[in-house]
Protein chains: 2
Amino acid sequence: MLDQTIDLDRTFQALADKSRRNMVERLTLGPASVTELAEPLAMSLAAVVQHVQVLEACGVVKTEKVGRTRMCRIEGAAMTAAEGWIADRRRGWEARLDRLGDILNEAATAEETS
Amino acid sequence: MLDQTIDLDRTFQALADKSRRNMVERLTLGPASVTELAEPLAMSLAAVVQHVQVLEACGVVKTEKVGRTRMCRIEGAAMTAAEGWIADRRRGWEARLDRLGDILNEAATAEETS
DNA sequence: CGTTTGGTCAAGCATCTACTTGAGCATATG
DNA sequence: CATATGCTCAAGTAGATGCTTGACCAAACG
């Protein structure tokens with residue numbers, strides 16, 4: 001719960017990149033090594049490792065060394081927090097629009113009966 | 001639907017900043033002028049305008065000039081798209097974890113009866 | 001043992017980001 | 001009309017980001 005702001009910063013930042021979203025998408029299918037994640041991407045392995053580090057820093061993925069390969073898997077909490085932040089705002093503005101709709105309906109009814 | 005990728009890039013990028021999330025939060029309560037958005041933030045008005053432009057470029061807010069003030073309001077679609085992308089991935093990994101759970105349960109049952 | 005494979009580390013570089021200041025301009029307001 | 005207000009624009013800056021290359025290391029494999 002502490003540092004929720006900085007984590008939201010980092011999480012949204014992490015997701016703001018097509019290559020990293022590609023990796024996340026791959027990892028939703030199950031764990032994968034760094035080279036597997038690199039396979040569809042047109043960049044050096046070193047660059048992919050850096051992307052993985054970004055995803056790990058914000059808690060979206062966890063990694064673990066198995067022999068000489070680094071296995072990556074998704075860790076839902078951070079992404080769910082980001083999703084939750086948007087959902088909370090959406091509830092806010094939807095409630096407001098509902099109230100606005102009610103007011104307009106009342107006004108229309110008052111207009112009809114006047 | 002076209003350029004969904006570039007818009008996701010921009011939307012997540014827009015949300016990856018505390019000041020801009022602050023503005024979004026304020027706008028969920030209803031429309032506001034640029035100076036109103038600037039009020040809680042410790043930065044120049046010019047900087048706030050630049051943040052508004054970022055939010056507008058990704059479609060999260062719409063603005064309109066009324067006299068000499070620029071009114072801003074939230075425009076749900078872009079944020080809902082971002083929320084939806086995360087939700088889709090979550091459904092993916094949750095389904096996978098459910099299947100994994102089923103397999104483990106079956107294995108445990110088989111173990112018991114063996 | 002030698003070689004491949006999978007990854008790690010560090011340095012460098014172009015670009016982007018989040019500001020700033022200062023000048024200017026068009027609508028209010030007294 | 002004069003002044004204040006609410007932006008708008010342009011230029012500049014420090015630091016972050018997304019890569020690259022090249023050297024290196026340690027776990028497989030034949």
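Note that the structure is predicted; figures quoted are calculated from it, not measured. So you know, we letter chains A, B, ... as the sequences are listed, proteins then strands, and number each from 1.
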Got B/L15 and A/I86 here, is their nearest side-chain heavy-atom distance under 4.5 Å?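 Yes. Closest side-chain heavy atoms under 4.5 Å.
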
With a 4.5 Å heavy-atom cut-off, do B/R96 and A/I74 have their side chains touching?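 Contact flag for B/R96/A/I74 side chains = yes.
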
Just how far, in rounded Å, is [atom2] of [N] from [atom1] of [X]?
{"X": "B/R10", "N": "C/dA18", "atom1": "CZ", "atom2": "P", "result": "14 Å"}
{"X": "B/H51", "N": "D/dC7", "atom1": "NE2", "atom2": "C1'", "result": "16 Å"}
{"X": "B/D17", "N": "D/dA16", "atom1": "CG", "atom2": "P", "result": "14 Å"}
{"X": "B/D9", "N": "C/dC16", "atom1": "CG", "atom2": "P", "result": "13 Å"}
{"X": "A/Q13", "N": "D/dG15", "atom1": "CD", "atom2": "C1'", "result": "13 Å"}
{"X": "A/M43", "N": "D/dT17", "atom1": "CE", "atom2": "P", "result": "16 Å"}

Report the residue (A/G67 or A/S44) whose heavy-atom-nearest nucleotide on DNA chain D is the more 5′ of the two.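 First, find each residue's nearest nucleotide; the 5'-ward one identifies A/S44.
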
Identify, between A/A42 and A/V66, the residue whose nearest nucleotide on DNA chain D lies closer to the 5' end.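 Nearest nucleotide further toward 5': that of A/A42.
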
Nearest 0.5 Å, please: how far is NZ in A/K18 from CG in B/D9?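 B/D9 atom CG to A/K18 atom NZ measures 8.5 Å (nearest 0.5 Å).
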
Enumerate, atom names and distances included, each donor-acceptor pair closer than 3.5 Å involving a side-chain atom of residues 43-53 of chain B, sequence neighbours excluded.
residue, atom, partner, partner atom, Å
B/S44, OG, B/A47, N, 3.2
B/H51, ND1, B/R20, NH1, 3.1

Is a donor from one side chain sitting under 3.5 angstrom from an acceptor on the other, for A/R89 and B/T28?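 There is no such pair between these side chains.
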
Counting only pairs under 3.5 Å, give me each side-chain donor-acceptor contact of residues 32-42 of chain A, with atom names and distances, residues two or more places apart or in other chains.
residue, atom, partner, partner atom, Å
A/S33, OG, A/T35, OG1, 3.3
A/S33, OG, A/E36, N, 3.2
A/S33, OG, A/E36, OE1, 3.3
A/E36, OE1, A/S33, N, 2.8

What does the B/S/- profile of nucleotides 5-14 of chain C look like, 5' to 3', with a 4.0 Å heavy-atom cutoff to protein? BSBSB-----

